[in-house]
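Protein chains get the first letters and strands the later ones, always in sequence-line order, with residue 1 at the start of each. The figures here come from the full heavy-atom set of this structure, side chains too, leaving out hydrogens, waters and symmetry mates.
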Amino acid sequence: MIAFYTLLRKEVKRFLKVMMQTIVTPFMSSFLYLLVFGVSLGSKVDNLHQVPYLAFLIPGLMMMSLMNNAFQNSSSSIAVSKFSGDLEDLRVAPLTPHHLLLSMGLGAVVRGAVVAIITYIVGIIFYYLQFQEILTVKHPLILIYFILAGGFLFGLLGVCAGFWARSIEHIAAFSNFILLPLLYLGGVFVSIESLPEWAQKFSQLNPVLYLINGLRFGVLSVSDVSLENSLLVSLLGILIMYLLGLLAIKKASFNRW
Amino acid sequence: MTHKSELAALEIENLTKCYGTFEAVKKVSFNIFPGEVFALLGPNGAGKTSIISIISTLEKLTSGSVKIFGVDIEKETMQSKRLIGVVHQEIVNSGFFDVTEILDFMSGYYGIYKNSERINYILHKLGLYEHRQKKVKQLSGGMKRRLMVAKALVHSPKLLLLDEPTAGVDIQLREDLWNFVRELQSEGMSVLLTTHYLQEAQELCQRIGILDKGQLKLVGQTKEIIKQFSLRKILIKTKTEESHYEANAFFEKKDQGYYSYFLPDNNYLGKLLQELSLKAEDILDIQTQEGSLEMAFKKAIEMKS
Ligand SMILES: Nc1ncnc2c1ncn2[C@@H]1O[C@H](COP(=O)(O)OP(=O)(O)OP(=O)(O)O)[C@@H](O)[C@H]1O
Ligand SMILES: [Mg+2]
């Protein structure tokens, strides 16, 4: 228990020490997305699911920054530790793979949640300026669930990537060529209903779609997919990533680069 | 001195380690007794680090077994990890945290929550207390090495593994560090270390093992090994100086009236005197000097196995 708590504390302290990179940068990018897409472009776009485009975009961006930052947190924590050699400490100390997965996953949740909440706050400010109305959360518990689940899932993904990577480029490649497309095609910016039919079929295979829409349902009570499916995919995703994480810690190397 | 009845601090049996097809450690077996300081010596690439990495579970063993106070490192990994502290050969450079934070985290990993008393004690002992608020980057090489030693000690392990802890450390600090090791030993800690400073190993370690190309060539009491494998030096001062004293096969040099000879073993002195046709009354003085570990080391490495 103490070991788990210590490792969690270390993960959180680490990202707080590089706040510029871990909190301010994501804040800037959310701010710009909301300004350019939500406010400027949004005024020329039809309502999606009977909500203004800006409102539609806010939960999408929340989930996107949540996933990105959760992934970055655990993967770069491991990458940096591999670089300096102190990942070996985690191997030598009596920490089980469960300790590592739970605390690194939760550390990622904390950073992801902070960034998601910042995005939400920036979002409601823009929304208020435009519509003189506060964008309230329709289903807070569902929102909280998807913040936890999305952060944890992508934190675990980051752990896997971190352990398996043989260089920092591996992680960058994974994040650019796999993660980014999944996020962009997962319905952050548009409802999949506006896509051609074949592209809709394709999108339905993208697990990220279910997570983004789950969180969107929590905030707006609208979604491209059913809530049951979102819940199912998130739970299944966590299960699979957890198992992959166990495998990664067992097989992959703690040695320095 | 046999400790058969006691549980060994470390028991290595037929340990083999392969990297791909390369056999870095070949069927190595030895024990370390509780409270003992044991040195694993050998040239570069002998396999010392491989053995230490296996004990600390950084590397997986290929075959054989390792037990720490009877606890098998493969079967009861978590339990065995608690018993050991390890200082790896390569310097660690972590960037985000300062010395105190690092030691605090390290304690936490071992399930110790508030450990500042022990941490401060170690920091003082290792001369790091003034540097406790520095980041690792701001420490000198020798300080980093000492930080690694500190990290290995936060949880008061029963067996300490030191892989070249004195590489890159100046003479004064080296002495301090070895004195600290002696102190830890007096508190009951068992120590396995590697070093290339043979003179220091000779002074510090009760037993040593000599490893070469993955094979354990010798293991035993330091004194015994020196006695057995190094040449003893005999210095003789004679009444008269004769040219045939220098013609002997074991002759080394003549210095300040003393003739010196290297003798292969203890039973050779009589034979030497005979060869030199020296009688008791011809001799003014005889001195003997024990050989060094360095000499024994070289001989052991040359030995065919
Ligand atoms: N990860 C690895 N992959 C392949 N070969 C390795 C690996 N680690 C060590 N070796 C090889 O195993 C042999 C033993 O290496 P090891 O590091 O154990 O030697 P050592 O006795 O510690 O040497 P030194 O005194 O230089 O530290 C060497 O030939 C080395 O090249
Ligand atoms: Mg070595």
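Within 6.0 Å of atom OH in A/Y145, more than 12 heavy atoms from other residues, nucleotides or ligands are found, so the atom counts as buried in its surroundings. By the neighbour-count criterion of 12 heavy atoms within 6.0 Å, atom CZ of A/R166 is sparsely surrounded, having that number or fewer from other residues, nucleotides or ligands. For CD of B/Q138, the number of neighbouring non-hydrogen atoms (other residues, nucleotides, ligands) closer than 6.0 Å is greater than 12. Other residues, nucleotides and ligands contribute only 12 or fewer heavy atoms inside 6.0 Å of the NZ atom of B/K158. Crowding of B/K144 atom NZ: a count of heavy atoms from other residues, nucleotides or ligands under 6.0 Å exceeding 12. For A/F83, the CZ atom sits in a loose shell: 12 or fewer heavy atoms of surrounding residues, nucleotides or ligands are nearer than 6.0 Å. Applying the 6.0 Å contact sphere to CD of B/E130 captures more than 12 heavy atoms from other residues, nucleotides or ligands.
In plain terms, the two heavy atoms of B/D104 and A/T6 that are nearest each other are O-CG2, 4.5 Å.
Per-residue counts of heavy-atom pairs under 4.5 Å with chain A were compared for B/V136, B/I91, B/I102, B/T77; the largest is that of B/I91. Counting heavy-atom pairs closer than 4.5 Å to chain A, the top residue among B/Y109, B/F96, B/F97 is B/Y109. Comparing B/Q79, B/M78, B/M106, B/E59 by heavy-atom pairs within less than 4.5 Å of chain A, the highest count is held by B/M78.
For A/K17, the part sitting under 4.5 Å from any heavy atom of chain B is the side chain, from C-beta outward, and nothing else. At a 4.5 Å heavy-atom cutoff, the contact between A/T96 and chain B is made by backbone and side-chain atoms alike. Using a 4.5 Å cut-off between heavy atoms, B/H88 contacts chain A through its side chain alone, with no backbone atom that close. Proximity to chain A (any heavy atom under 4.5 Å) is shown, for B/K60, by neither the backbone nor the side chain. No part of B/I84 comes within reach of chain A, as not one of its non-hydrogen atoms sits under 4.5 angstrom from that chain. For A/Y5, the part sitting under 4.5 Å from any heavy atom of chain B is the side chain, from C-beta outward, and nothing else.
To the nearest 0.5 Å, atom CD of residue B/E101 and atom NZ of residue A/K13 are 4.0 Å apart. Between atom CD of residue A/E11 and atom CZ of residue B/F105 there is a gap of 9.5 Å, rounded to the nearest 0.5 Å.
With hydrogens and angles ignored, the 3.5 Å screen pairs a side-chain donor or acceptor of B/K81 with a backbone N or O of A/R91.
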